[in-house]
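First comes the structure, then the notes that go with it.
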Amino acid sequence: MNLIICQNYDEMSDKAAEILKEQLMNKPDTVLGLATGSSPIGTYERLGNMCKNGELDFSKVTTFNLDEYFPICSSNDQSYHYFMNENFFKHINVKPENTHILNGETDNPTLECARFEDEIEKSGGMDILILGIGRNGHIGFNEPDSTLYASTHMTSLTADTIEANSRFFERADLVPTHALTMGMSTILKAKKILLLANGRSKLEAIKKLLSDDITTNTPATMLKLHPDVTIICDYDAYADVRIGIDIGGMSAKVGVVNNHKIIARKDIPITPESTTASITEDLYNACDEFRKTYHTLSVGIGTPGLIKNDKITASNLPFKDFALGDILSKKLHVQVKIANDANCAALGEQVAGAGKGSKDMILITLGTGIGGGIILDGRIFSGNGSAGEIGHMCIETNGLPCPCGGEGCWEQYASVTALMRQTREAIEKNPDSILADCGKEKVSGRTVFAAIEKGCPVAEQVLDTYLDYLAAGITGLLRIFDITTILISGGLSNAGDALLIPLKEKIKLPCELKVATLKNDAGIIGAAAL
Ligand code: F6R
């Protein structure tokens with residue numbers, strides 16, 4: 001399905017009119033399928049103007065309307081006959097005999113529906129069909145149900161649709177309870193489909209259409225079976241956007257996240273001169289700018305450091321007990337949530353990355369140190385504010401000193417920095433080894449893997465010892481949390497199976513061990529999901 005997201009109703013109508021104009025230019029005898037309702041009115045208005053200006057000619061066009069209330073007489077100002085005439089037909093030069101709308105006055109609905117199907121068939125089929133979508137996901141008057149009808153038929157309207165359509169009637173009890181409508185197969189036989197959706201009330205329906213499996217309970221999801229559907233919607237109908245901010249030592253990455261996907265982003269540099277005030281101002285401006293375009297529900301911030309009572313203290317940033325979230329929330333008038341950046345990355349992986357589907361998981365980031373995030377029951381476990389500092393659990397008493405003030409911390413043995421140190425030590429002891437050759441220019445986390453590929457036993461030994469440490473920490477975490485999924489991220493995760501397969505063998509407990517997939521986007525997506 002093609003998706004065109006517009007700023008507002010006018011832009012949506014412009015886009016739809018352009019597509020229809022192109023269709024009519026290419027095929028003047030187009031067979032048009034038409035919807036009623038508020039969604040296509042702007043499009044019809046534009047097409048009417050194009051016809052008046054001589055840009056478009058409808059004289060060879062044939063039209064079929066999706067549906068009509070039943071029973072209703074065509075002169076009733078709520079009938080779709082009346083609607084089409086007022087909003088479209090009387091503004092274009094379509095021949096009245098070429099327009100087809102189901103007869104809401106018929107005394108034999110079954111025959112009327114069969115006749116209508118025949119007419120469509122005889123016309124050669126609809127070239128392009130304009131659809132709206134009900135807030136309950138209906139298409140035409142194919143209402144959510146356990147079964148749907150294939151061809152044109154009579155149907156009863158759901159309470160939700162009666163309520164939604166009552167806005168056009170004086171009273172809700174005047175809305176007809178039945179309708180005649182094209183069936184799902186009639187609709188799917190159109191060569192092209194253009195679905196229009198605008199406004200907040202369509203958000204849920206569009207979300208379901210885009211993300212749910214095909215189900216008769218949301219008839220619009222059937223459109224996924226069609227090869228040429230274009231959805232044109234405005235931000236209100238599409239956007240359930242949240243802003244995610246991933247603050248780092250050098251920059252803050254601000255992203256607009258919709259359905260766990262980043263749809264717009266901006267990087268704000270952070271320099272040694274940056275102050276709490278300048279960072280707050282820059283973040284506010286970025287969020288405010290995005291807010292003008294995207295309907296923003298909330299803002300989430302991932303930041304390094306410790307978060308206590310929603311206040312941040314970070315050694316590599318000018319934040320000391322700083323209530324960034326509170327300040328931004330007051331300025332932006334939206335909810336702002338804050339969490340540790342590693343925890344946000346873990347949440348990002350859980351909602352949209354390799355951890356999707358695992359409610360309990362731990363993300364282990366192997367880098368200069370070891371970072372981590374613990375997700376329990378779909379939520380970040382932050383304890384008193386600093387849980388998840390897995391790199392600083394002690395795995396060696398009286399072990400190597402750590403900048404945190406402790407000794408024998410896991411990251412001193414199982415981070416990439418540790419692997420590089422172990423590689424250098426092995427090179428010193430084995431200067432004639434393949435490993436020494438691979439590391440003669442520069443030793444990195446990859447050196448050991450490169451040497452193993454060339455068959456180096458010294459490198460194999462280095463990796464074996466390193467993996468013993470890595471596995472010991474992971475086994476400890478599994479013992480404590482009894483979770484199913486462990487994700488590995490950071491530069492070393494690029495080694496893929498060369499890392500995962502031997503590591504798995506050393507982990508004594510059952511678990512799914514996977515490489516994280518979102519890379520640098522995990523923090524933004526996770527922050528937005530807070
Ligand atoms: C109208 C139709 C309906 C509407 C839908 C959205 O012919 O078949 O499915 O398209 O109910 O209505 P609006 O556009 O008024 O929100």
Side-chain angles (χ1 to χ4, degrees), residues 6 8-10 12-13 16 32-45 63-70 72 74 76-89 99-104 113 116 120 126 128-145 148-149 152-169 172 175-184 186-188 190 193-206 208-209 216 218-223 229-234 236-238:
C6 305
N8 49 37
Y9 184 80
D10 279 345
M12 177 187 85
S13 308
L32 265 182
L34 301 171
T36 57
S38 50
S39 312
I41 289 182
T43 308
Y44 295 155
E45 195 187 318
T63 70
F64 287 94
N65 261 80
L66 266 172
D67 42 19
E68 174 58 288
Y69 288 121
F70 183 82
I72 200 161
S74 53
N76 184 319
D77 61 4
Q78 293 306 334
S79 75
Y80 287 173
H81 279 80
Y82 190 91
F83 176 101
M84 288 312 296
N85 197 42
E86 284 303 303
N87 291 294
F88 198 28
F89 296 156
T99 64
H100 302 84
I101 304 181
L102 283 148
N103 179 6
C113 292
F116 194 73
I120 299 178
M126 291 177 281
I128 185 161
L129 168 60
I130 304 167
L131 293 178
I133 183 170
R135 53 190 199 186
N136 63 2
H138 76 209
I139 290 293
F141 277 128
N142 295 279
E143 299 281 26
D145 207 340
L148 295 176
Y149 284 84
T152 304
H153 60 283
M154 180 157 87
T155 183
S156 51
L157 307 185
T158 60
D160 188 77
T161 298
I162 291 173
E163 204 261 302
N165 289 7
S166 65
R167 68 190 196 275
F168 301 116
F169 290 79
V175 185
T177 52
H178 287 73
L180 307 178
T181 179
M182 287 184 193
M184 282 318 301
T186 327
I187 289 170
L188 291 174
I193 291 178
L194 207 59
L195 183 137
L196 308 181
N198 68 288
R200 219 68 206 134
S201 64
K202 302 295 170 68
L203 182 69
E204 274 312 304
I206 291 294
K208 282 184 179 164
L209 167 57
T216 56
T218 309
T221 57
M222 296 274 159
L223 298 178
V229 176
T230 300
I231 301 169
I232 311 183
C233 61
D234 72 353
D236 279 348
Y238 174 73

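We count ligands from 1, going down the list as the structure has it; atoms in each ligand are counted the same way.
Distance from atom 9 (O) of ligand 1 to its nearest protein heavy atom, with residue and atom name: G140 O, 2.7 Å. Scanning the protein heavy atoms around atom 2 (C) of ligand 1, the nearest turns out to be D67 OD2, 3.3 Å. Scanning the protein heavy atoms around atom 4 (C) of ligand 1, the nearest turns out to be H138 NE2, 4.2 Å. The nearest heavy-atom contact from the protein to atom 6 (C) of ligand 1 is I133 O, 3.4 Å. Closest to atom 14 (O) of ligand 1 among all protein heavy atoms lies S39 OG, 2.4 Å.
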Point to revise | Derivation and outcome, side chain to side chain donor-acceptor pair (under 3.5 Å), residues R135 and T161 | key: CA-CA 8 Å; R135 53 190 199 186; T161 298; over 6 Å; no
Exercise for review: Might you work through the side-chain contact (heavy atoms from CB on, under 4.5 Å) test for H153 and N142, ending with a clear yes or no?
Suggested key: CA-CA 9 Å; H153 60 283; N142 295 279; 3.3 Å; yes
Exercise for review: Report the C-alpha separation of N76 and Y69 in whole Å, then their side-chain angles, then the decisive distance to 0.1 Å, and conclude whether the side chain to side chain donor-acceptor pair (under 3.5 Å) test is met.
Suggested key: CA-CA 11 Å; N76 184 319; Y69 288 121; over 6 Å; no
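Residue P40 places no N or O, backbone or side chain, under 3.5 Å from any N or O of ligand 1. Any N or O atom pair closer than 3.5 Å counts here, and Y80 shares no such pair with ligand 1. Backbone and side-chain nitrogen or oxygen atoms of N165 are examined, and none is located within less than 3.5 angstrom of a nitrogen or oxygen of ligand 1.
Atoms of ligand 1 found under 4.0 Å from any heavy atom of K202 (numbered from 1 in listed order, with element): 6 (C), 13 (P), 16 (O). Of all atoms in ligand 1, listed by their number and element, those nearer than 4.0 Å to a heavy atom of G37 are 14 (O), 15 (O). Residue L66 approaches ligand 1 through these ligand atoms, each under 4.0 Å from one of its heavy atoms: 8 (O). Each of the atoms 13 (P), 15 (O), 16 (O) of ligand 1 lies under 4.0 Å from some heavy atom of R167.
For the pair D234 (side chain) and G199 (backbone), a donor-acceptor distance under 3.5 Å is present.
Residue contacts with ligand 1 for T36 involve both N, CA, C or O and side-chain atoms from C-beta outward (heavy atoms, distance under 4.0 Å).
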